[in-house]
Amino acid sequence: MLGKRRMTGNMAKKRACALGLAMAMATVASAYVAIVNRTDYQEMHIVPAPGKVVIDGDLKDWDLSGAITLYLDEASRSVMNIQGAYMYDGEAFYVGGHVKDPTPMVNAHDFASDMSLVWDADAVQLRLISNPAVKSKSSLQTGGHMSPEDQRYVCHFDLWYSTRDQKPGFLIRYTLHFRDANLNPPEVQAAYKKDTDGKGYTFEYRVPWKLLRLDKPWKDGDTVQTQWQVHWGDPRGERVKFTGFNKRGGPTWAFDKIETVATDPDGGALPNSEFTVDDEGRAFTLVSGGSLQRGQRPQGCGHRVVGFDAKGRKMWEYHNAHCAFAWTSDAYTPGYMVGAFRMMCTTTKRLIGIPGYYGQYFLLDKETGLFVAALGQDQRSPYTMDHTMVLTENFNGTMWTHPKTGKTYFAGGDADCRIWELKGFEDYRVREGRVKVSAAQFAQAQKNADQAKLAERAAMGLLREFRLKKLANSAANGDYSEWTVVQPQTIVMSDKRSALAQLGYDDAHLWVRFQVADESPLRNQASDYRHLFKTGDALDIQFCTDTATRPVHGQNQQEMRVGDARILVTRAHDDKMIDSIIRYRTATKDKPKQHEYSSAVWKETVDEVSELNGLPMHCKAEKDSYVVEVGVPWSVIGLKPIAGLKSTGESQALSRMRICSVPTREP
């Protein structure tokens with residue numbers, strides 16, 4: 001609520017969902033329930049700035065009468081808490097506060113990292129429905145309808161100090177689906193200052209109203225919905241680890257220095273740096289091989305659970321896993337660890353546990369790495385609402401064996417917590433046997449392994465060139481017989497929509513064939529050839545001819561160079577096939593076809609946008625699908641096929657070229 005009144009009275013403590021606070025009861029469209037924190041408040045006041053505010057990490061020029069206190073739990077409240085506040089004036093929205101933290105301002109996520117995980121260390125997350133006229137109880141977890149127009153005002157803020165970049169970080173995204181990410185926009189001012197005793201820090205941000213997608217500031221009496229979520233990390237810049245309970249029953253947390261216990265020569269990343277060590281010194285960890293496309297099998301992709309002995313030697317690997325959020329994953333099937341998010345810090349004599357993002361807990365045998373069971377049900381399956389169903393984001397879990405009875409128990413369920421007794425896990429047996437493999441099966445297994453390795457390299461971003469087939473009798477004529485020798489590439493597989501692409505070439509053209517399932521096959525208003533990607537369905541071929549390493553900034557943003565281009569192809573309502581090409585940079589001094597693309601939070605100028613008019617194209621559209629063939633002359637791309645290509649159709653790599661193809665639709 002806007003105004004200058006300070007909250008008074010004793011408000012009942014509320015166990016807030018991810019520090020859910022509202023300037024009037026916040027159940028703002030929440031995406032994460034990663035940490036359940038507490039506060040003494042159910043609403044907060046946004047007060048007018050008392051005068052000019054200097055963004056310098058000192059709140060002496062703030063009116064803190066509307067500040068609220070938030071904390072992790074009672075046991076750690078004295079060393080980990082935050083006083084957070086909002087202010088406003090005619091030009092900007094202000095957010096700031098003071099954080100008590102034993103290891104302040106440590107966040108290992110630099111500005112070139114994966115921005116989806118910047119919250120996973122010392123950080124503050126805010127969610128805000130910026131338009132006072134919009135009120136909603138919608139959530140990615142609980143459902144509910146929220147119109148696209150209303151979702152425009154759902155703002156997600158990530159605020160942190162990047163230890164590696166030595167600068168404040170600001171990331172804003174919009175809608176319930178985290179769209180239109182904008183990292184460190186120049187108009188945002190931010191500052192951090194560490195306390196002199198090294199036990200906390202102050203932060204403040206100035207955010208212009210236009211970044212909240214508002215044409216005018218709030219006025220006194222307006223009420224908006226918001227949510228606070230605060231994260232405390234360890235000395236590496238990641239989350240504080242729960243280590244147990246003290247004598248009074250309160251939780252204890254680890255701030256110790258990290259010791260390397262094992263390394264994996266096969267490489268990969270540790271999602272959330274999650275691992276656990278048992279009483280015998282054996283270590284178990286998740287390893288991620290990069291993002292997977294929809295429809296890509298997890299086995300062989302690089303995602304795995306790994307067990308090491310007490311000396312750091314690898315004992316086993318379990319590969320039927322998809323780590324982290326696994327948004328592109330299929331629903332659970334027996335043996336599939338879907339959305340494996342972390343290793344539990346507790347184990348039993350025989351079992352290790354891995355929480356799954358979609359409501360399940362997976363149990364593996366510590367000695368062999370074999371899959372034992374999955375507790376709970378996948379939220380995306382036709383589940384039964386009973387005591388096994390966990391309806392939250394699933395980031396926790398604890399196992400233990402009762403010292404007197406020997407029974408095994410499991411506690412989990414996050415906000416809807418429950419305790420299960422695990423029966424049958426004290427005496428299960430692992431059977432050994434022999435498998436006879438023929439020479440042909442062995443050869444096929446080798447081919448499968450080679451294919452899996454390619455899939456892993458693609459998932460990790462290491463597959464940097466397409467291997468194309470030379471096509472015989474290629475033409476855009478609806479005869480697809482020449483494409484039978486080309487392996488399709490999956491673009492997307494989701495419900496009733498899917499898209500595949502095939503790439504081939506001849507001496508004159510690069511050929512692309514798209515096969516798309518779509519309930520409104522390839523329709524576009526096509527009112528302006530420069531904006532075909534905004535006015536309906538379109539097919540997008542993107543390429544660059546300069547593959548040298550480029551400077552990277554922001555969210556893996558690379559500078560554009562001559563030779564970077566995208567060709568858009570679509571079908572107008574008169575069934576005429578049309579196209580356009582966007583050249584980001586041209587070598588000529590004069591740029592008569594230069595064009596500026598912009599939105600409320602983004603702007604980019606490209607050197608040329610033109611119609612090609614004359615590409616060989618063919619579209620065959622049916623009720624709920626279409627197939628498009630298109631040929632792009634090598635002269636348009638600026639390349640020639642490398643010398644020595646054979647006309648027999650053998651696989652060859654085109655030098656100096658990257659191609660990606662995606663169907664696009666205006667959201």
Side-chain angles (χ1 to χ4, degrees), residues 234-236 238-247 251-288 303-321 323 335 337 340-356 360-375 394-412 419-433:
D234 64 16
R236 292 179 300 174
E238 296 159 0
R239 282 192 302 268
V240 176
K241 301 297 189 296
F242 168 76
T243 57
F245 296 92
N246 59 29
K247 293 181 179 180
T252 57
W253 311 90
F255 299 97
D256 298 331
K257 293 183 179 180
I258 304 303
E259 177 185 355
T260 299
V261 295
T263 57
D264 186 349
D266 294 329
L270 301 182
N272 307 317
S273 297
E274 292 295 345
F275 70 95
T276 189
V277 180
D278 70 4
D279 293 339
E280 298 180 27
R282 294 178 294 189
F284 308 93
T285 188
L286 296 175
V287 182
S288 172
H303 290 232
R304 57 197 185 275
V305 186
V306 185
F308 300 92
D309 66 18
K311 294 184 178 181
R313 297 171 299 196
K314 189 186 299 184
M315 299 186 297
W316 49 260
E317 296 181 340
Y318 190 85
H319 281 261
N320 192 11
C323 296
M337 295 176 51
F341 208 86
R342 64 176 47 167
M343 304 296 298
M344 277 184 258
C345 60
T346 54
T347 68
T348 66
K349 183 176 181 180
R350 300 191 67 180
L351 296 172
I352 57 172
I354 300 97
Q360 291 175 295
Y361 298 93
F362 307 104
L363 304 179
L364 297 184
D365 178 77
K366 291 200 294 188
E367 189 68 31
T368 63
L370 294 176
F371 188 90
V372 176
L375 308 178
N394 205 34
F395 299 145
N396 59 17
T398 303
M399 292 192 301
W400 71 95
T401 300
H402 195 285
K404 293 184 178 180
T405 66
K407 293 182 178 181
T408 300
Y409 295 93
F410 188 98
I419 298 176
W420 294 286
E421 179 184 343
L422 303 183
K423 295 184 177 181
F425 294 107
E426 299 86 359
D427 55 359
Y428 67 85
R429 298 180 182 180
V430 177
R431 293 185 178 181
E432 296 184 0

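Everything numeric in this text was worked out from a predicted model, so none of it was measured.
Checked by atom type and distance alone, the side chain of Arg282 never pairs as donor or acceptor with a backbone atom of Lys311 at under 3.5 Å. The closest donor-acceptor contact from the side chain of Thr276 to the backbone of Met343 lies at 3.5 Å or more, if one exists at all. Without hydrogens or angle criteria, Arg342 side chain to Phe395 main chain gives a donor-acceptor distance under 3.5 Å. At least one donor-acceptor pair under 3.5 Å links the side chain of Trp316 to the backbone N or O of Lys366. The backbone N or O of Lys423 lies less than 3.5 Å from no partner atom in the side chain of Lys407, so there is not a single donor-acceptor pair. The backbone N or O of Gly335 sits less than 3.5 Å from a side-chain atom of Asn320, completing a donor-acceptor pair. Put simply, the side chain of Asn394 gets close to the backbone of Gly356: a donor and an acceptor are under 3.5 Å apart.
Taking both residues in full, the closest heavy atoms of Met337 and Phe371 are given as CG-CE1, 4.0 Å, listed atom of the first, atom of the second, then distance. Of all non-hydrogen atoms in Ala321 and His303, the two that sit nearest each other are O-CB, 3.2 Å. Among all heavy-atom pairs drawn from Ile352 and Met399, the shortest one is C-CE, 3.7 Å.
In this structure, Glu367 does not pair ionically with Lys349, as no charged nitrogen and carboxylate oxygen lie closer than 4.0 Å.
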Item to complete: Begin with the C-alpha distance, continue with both residues' side-chain angles, and end with the deciding distance and a verdict on side chain to side chain contact (heavy atoms under 4.5 Å, CB included) for Ile354 and Leu364.
Response: CA-CA 8 Å; Ile354 300 97; Leu364 297 184; 4.1 Å; yes

Discussion item. Side chain to side chain contact (heavy atoms under 4.5 Å, CB included) for Val372 and Leu351? Distances and angles first, verdict last.
Written reply: CA-CA 8 Å; Val372 176; Leu351 296 172; 4.0 Å; yes

Worksheet item: When you look at Thr348 and Leu422, which way does the side chain to side chain contact (heavy atoms under 4.5 Å, CB included) test go after all the steps?
Response: CA-CA 11 Å; Thr348 66; Leu422 303 183; over 6 Å; no

Discussion item. Could you go through Val306 and Lys314, starting from their C-alpha distance and side-chain angles, then the distance that decides it, and tell me whether this counts as side chain to side chain contact (heavy atoms under 4.5 Å, CB included)?
Written reply: CA-CA 7 Å; Val306 185; Lys314 189 186 299 184; 3.8 Å; yes

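Of the inter-residue distances, the one linking Leu363 atom CG with Leu370 atom CG reads 13.0 Å to the nearest 0.5 angstrom.
Under a cut-off of 6.0 angstrom, the local environment of CD in Glu421 is crowded, with over 12 non-hydrogen atoms contributed by other residues, nucleotides or ligands.
A cation-pi arrangement is not found for Arg304 relative to Tyr318, the charged atom failing to lie both closer than 6.0 Å to the ring centre and inside a 45° cone about the ring normal.
Side-chain atoms of Tyr428 and Asp365, non-hydrogen and from C-beta on, do get closer than 4.5 Å to each other.
The distance between the ring centers of Tyr361 and Phe410 falls below 6.0 angstrom.
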